[in-house]
Amino acid sequence: MALELRNIRAGYGSGTIIDIVGYSFEQGFITSIIGKNGSGKSTLLKAMDAQISYEGSITIDGNEVSKMPHGERAKMVAYLPQHLNPVAMSVRTLVSHGRFPYKSFGHNLTKEDVRIIDEAMEMVEVANLSHRQVSSLSGGEMSRAYIAMVIAQKSRYILLDEPASDLDIEHQIRLMEILEELAKRGCGIIMTSHDIPMALTYSKEVLLIENGRIADDGSPDEISKKESLKRVVGVGVERVANSRLLFDYNLIK
Ligand code: ADP
């Protein structure tokens with residue numbers, strides 16, 4: 001029961017951007033992928049959702065993601081890209097797209113679909129925007145609408161590319177709590193982030209990416225005690241024990 005990478009090479013055209021020997025993502029917790037701009041984090045997420053072709057194997061329970069029929073893959077993996085489309089449809093319609101993998105062709109949404117859509121919109125506080133056009137929303141509102149869509153998809157893994165970057169601090173924390181809750185329900189959450197203190201606070205595993213390769217991996221505590229984070233992103237972290245602080249880690253030189 002894992003999303004496994006084996007000897008992955010992927011890129012755009014003929015160039016290799018990511019080159020990963022092996023890694024296994026488990027369900028039930030948050031894994032953060034950390035690395036500099038251009039290190040290949042987005043490319044890795046795109047490969048895991050078979051948005052780009054790859055060499056090697058990326059499997060869920062032994063099934064190759066690139067060979068799964070589209071609807072089956074969508075039940076396994078939901079993917080939230082970094083750049084979202086201001087589509088010309090209502091928030092409710094966008095969120096209902098999350099249910100498409102479960103609908104047979106030409107059938108309307110079931111009562112259960114509608115319940116799941118409503119619950120997802122409530123969770124990220126976009127229920128009050130449900131009739132608004134996505135294209136009319138602010139950046140933060142739009143990312144919450146898209147997050148509701150991936151929640152409604154109820155996939156085994158959710159891949160999120162810098163999901164908090166457009167959100168105000170209150171919604172960032174709320175998002176991390178929601179992701180934690182989804183993880184507790186059994187989902188595997190895999191996210192990229194530049195907010196290292198926040199990512200380490202909420203993650204169980206951290207994957208450091210440097211020039212398309214895994215530079216190091218481990219628990220936030222393990223990573224905080226090593227030099228690898230400093231080498232990969234230029235700053236270190238230290239654990240802080242103060243319950244008044246929002247995050248369990250501080251950035252250090
Ligand atoms: P990160 O998410 O870590 O910032 P990316 O995966 O977006 O990094 O990018 C890794 C490398 O791939 C960069 O050198 C970037 O310029 C290149 N790249 C990203 N997207 C494309 C694309 N669509 N076509 C060609 N090269 C790309």
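In each ligand, atom 1 is the first atom listed, and ligand 1 is the first ligand listed.
Near Lys36, the atoms of ligand 1 lying under 4.0 angstrom from a non-hydrogen atom of the residue are 3 (O). Taking every non-hydrogen atom of Asn37 and a distance limit under 4.0 Å, the qualifying atoms of ligand 1 come out as 4 (O).
Distance from atom 4 (O) of ligand 1 to its nearest protein heavy atom, with residue and atom name: Gly38 N, 2.7 Å. In terms of protein heavy-atom proximity, atom 11 (C) of ligand 1 is closest to Ile17 CG2, 3.6 Å. If you check which protein heavy atom lies closest to atom 8 (O) of ligand 1, you get Gly40 N, 3.2 Å. Distance from atom 3 (O) of ligand 1 to its nearest protein heavy atom, with residue and atom name: Lys41 NZ, 2.7 Å. Among all non-hydrogen protein atoms, the one lying nearest atom 26 (N) of ligand 1 is Tyr12 CD1, 3.4 Å. Atom 5 (P) of ligand 1 has as its closest protein heavy atom Thr43 OG1, 3.6 Å.
Not a single heavy atom of Gln82 sits under 4.0 Å from any atom of ligand 1. Contact analysis leaves Gly35 out of contact with ligand 1, as no non-hydrogen atom separation drops below 4.0 angstrom.
Residues satisfying the ring-ring contact (aromatic ring centres under 6.0 Å, His included) test with Tyr102, not counting sequence neighbours, are none. The ring-ring contact (aromatic ring centres under 6.0 Å, His included) check on Phe100 picks up His97, with sequence neighbours excluded.
Less than 4.0 angstrom separates atom 23 (N) of ligand 1 from at least one non-hydrogen atom of the protein.
Counting heavy atoms from C-beta outward, Leu160 and Tyr146 have side chains that stay 4.5 Å or more apart. Side-chain contact between Ile58 and Glu64: present, with at least one pair of heavy atoms (C-beta onward) separated by less than 4.5 Å. When side chains are defined from C-beta on, Arg156 counts as touching Ile60, because their heavy atoms get closer than 4.5 Å.
Of all non-hydrogen atoms in Gln133 and Ala88, the two that sit nearest each other are OE1-C, 3.4 Å.
Using a cut-off of 4.0 Å between Lys/Arg side-chain N and Asp/Glu carboxylate O, Arg144 and Glu125 are scored as not salt-bridged.
Between Cys187 and the options Leu179, Ile158, Ile30, a side chain to side chain contact (heavy atoms under 4.5 Å, CB included) holds for only Ile158.
The heavy atom nearest to atom 7 (O) of ligand 1, out of those in Ser39, Ala47, Ser42, is found in Ser42.
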